[in-house]
Structure formats: structure tokens, C-alpha cells
2 protein chains.
Amino acid sequence: MVKRAADILERFGERVRVLRKESGYSQESFAAACGLDRTYIGGIERGERNVALRNIETIARALGITLAELMDDL
Amino acid sequence: MVKRAADILERFGERVRVLRKESGYSQESFAAACGLDRTYIGGIERGERNVALRNIETIARALGITLAELMDDL
DNA sequence: TTGTGACTTTTAGTCCGTC
DNA sequence: GGACGGACTAAAAGTCACA
């Protein structure tokens with residue numbers, strides 16, 4: 001039985017955190033790349049923000065991946 | 001040159017509309033399946049709604065597909 | 001460099017309806 | 001069966017000071 005991670009927001013946040021680090025960003029520099037606030041990015045990564053589609057797209061773009069890739073396995 | 005559809009919300013809405021119809025739902029029955037409001041689903045399909053992640057997941061679930069599949073080619 | 005609480009403004013999302 | 005509007009409430013967006 002495969003462990004299915006908790007909440008969709010937590011899974012999404014963790015995925016953003018991993019991909020951000022892989023891209024060599026700090027939260028602050030990544031926030032700047034997205035045009036968003038540093039604390040907002042932090043909140044997303046902690047699974048505290050129910051991010052809407054426009055910001056999801058912004059994040060995918062900053063990571064240089066497609067929406068489908070960002071959502072992969074979530 | 002491939003036509004790149006307008007706005008992410010419009011592309012998402014159009015995709016939901018196509019998949020909903022393929023599943024044989026009316027907007028109203030689909031809204032019921034999602035536990036969302038009928039006028040909200042209509043607004044999404046018209047590209048007027050910036051849907052948040054929890055509802056994106058709800059919609060994917062009601063359509064019986066993954067988030068990545070829902071976001072495919074958006 | 002990030003976590004967190006508190007906060008205001010904007011918008012997500014509901015519910016009533018008409019065409 | 002779906003587009004669209006008005007009025008409303010809940011929640012997302014966005015920012016700050018401080019640990």
C-alpha cells in the first residue's frame with residue numbers, strides 16, 4: 001500500500017519547494033522571479049495557501065515547466 | 001505556427017467544458033457532482049473564474065482524471 | 001534564509017433570479 | 001440546457017514586522 005500524502009495543498013507546496021530548490025532559488029529570489037511576495041511563497045510551500053490558477057501558472061512559468069509537469073503525480 | 005489560446009482561465013474553462021460534455025454531464029449535474037454552484041461552473045467554462053487548487057482537484061476528481069491530465073496541454 | 005501572526009484589499013464562490 | 005446579473009459571505013491575494 002502506497003503512502004498517499006496528506007492534503008493537496010501540502011503536496012503541491014512540497015512539490016514547489018523541491019522544484020524551487022532544484023532550480024537553485026531561495027524563497028526570496030524565487031518570489032522575485034514570480035513577482036510575488038516572499039512570505040506568500042513560504043505560505044504556499046507550507047501548504048497554507050489555496051493557490052488559484054493564475055498564480056499556479058505564474059509559478060510553473062518561473063520554474064520553466066508546464067502546468068501538467070507541475071501537477072504531475074499530485 | 002500553432003494557435004496559442006488566449007488566457008489560462010479561458011483555456012482551462014474550455015477544457016473543463018469539453019471533458020464535462022464527454023462525461024455526459026450538464027453544467028447543473030456536473031456542479032452537483034462537484035458539490036459546487038451551477039453558476040460557478042458556468043463562470044469557469046466562460047473563463048471568468050480564477051479557480052483555486054482545492055476546486056481544481058475537486059473538478060479533476062469529478063471527471064475521474066488526475067490533475068496532470070486535467071492540466072495537460074494548458 | 002525562512003517561519004509566522006496579523007492584517008487589509010480583492011476575489012472566490014453561493015444563492016437568488018431573468019432571459 | 002446554458003448565459004448572465006446583483007447581492008452577498010467566505011476565503012484568496014498580497015504585505016508587514018519580528019523571531
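Every chain is numbered from 1 and lettered A, B, ... according to where its sequence line falls, protein lines coming before strand lines.
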Nucleotide pairing, DNA chain D (Watson-Crick or G-U, distances under 3.5 Å), in dot-bracket with [ ] and |: .||||||||||||||||||

Selection residues 28-45 of chain A - residue pairs positive for salt bridge (charged side-chain N to carboxylate O under 4.0 Å, His left out), sequence neighbours left out: R17(A)-E45(A), R20(A)-E45(A)

Salt bridge (charged side-chain N to carboxylate O under 4.0 Å, His left out) contacts in which one or both residues fall within residues 52-61 of chain A, not counting sequence neighbours: R54(A)-D7(B), E57(A)-R61(A), E57(A)-R11(B)

Distance check needed: [N] [atom2] versus [X] [atom1], whole Å only.
X      : N       : atom1 : atom2 : value
D37(A) : dG14(D) : CG    : P     : 10 Å
E57(B) : dA12(C) : CD    : C1'   : 17 Å
L53(B) : dA12(C) : CG    : C1'   : 14 Å

Who are the side chain to side chain donor-acceptor pair (under 3.5 Å) partners of [X], not counting sequence neighbours?
X      : value
T58(A) : none
S23(B) : none
Y25(B) : none

Ring pair (Phe, Tyr, Trp, His ring centres under 6.0 Å) pairs, two or more places apart, involving residues 46-74 of chain B: none

M71(B) side chain reached by L53(A) side chain, heavy atoms, under 4.5 Å: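 A side-chain contact under 4.5 Å exists here.
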
Residues that E48(B) engages under salt bridge (Lys or Arg N to Asp or Glu O under 4.0 Å), provided they are two or more places apart: R46(B)

Protein proximity profile, nucleotides 1-12 of chain D - base contact B, sugar-phosphate-only contact S, no contact -, cut-off 4.0 Å on heavy atoms: SSBBB------S

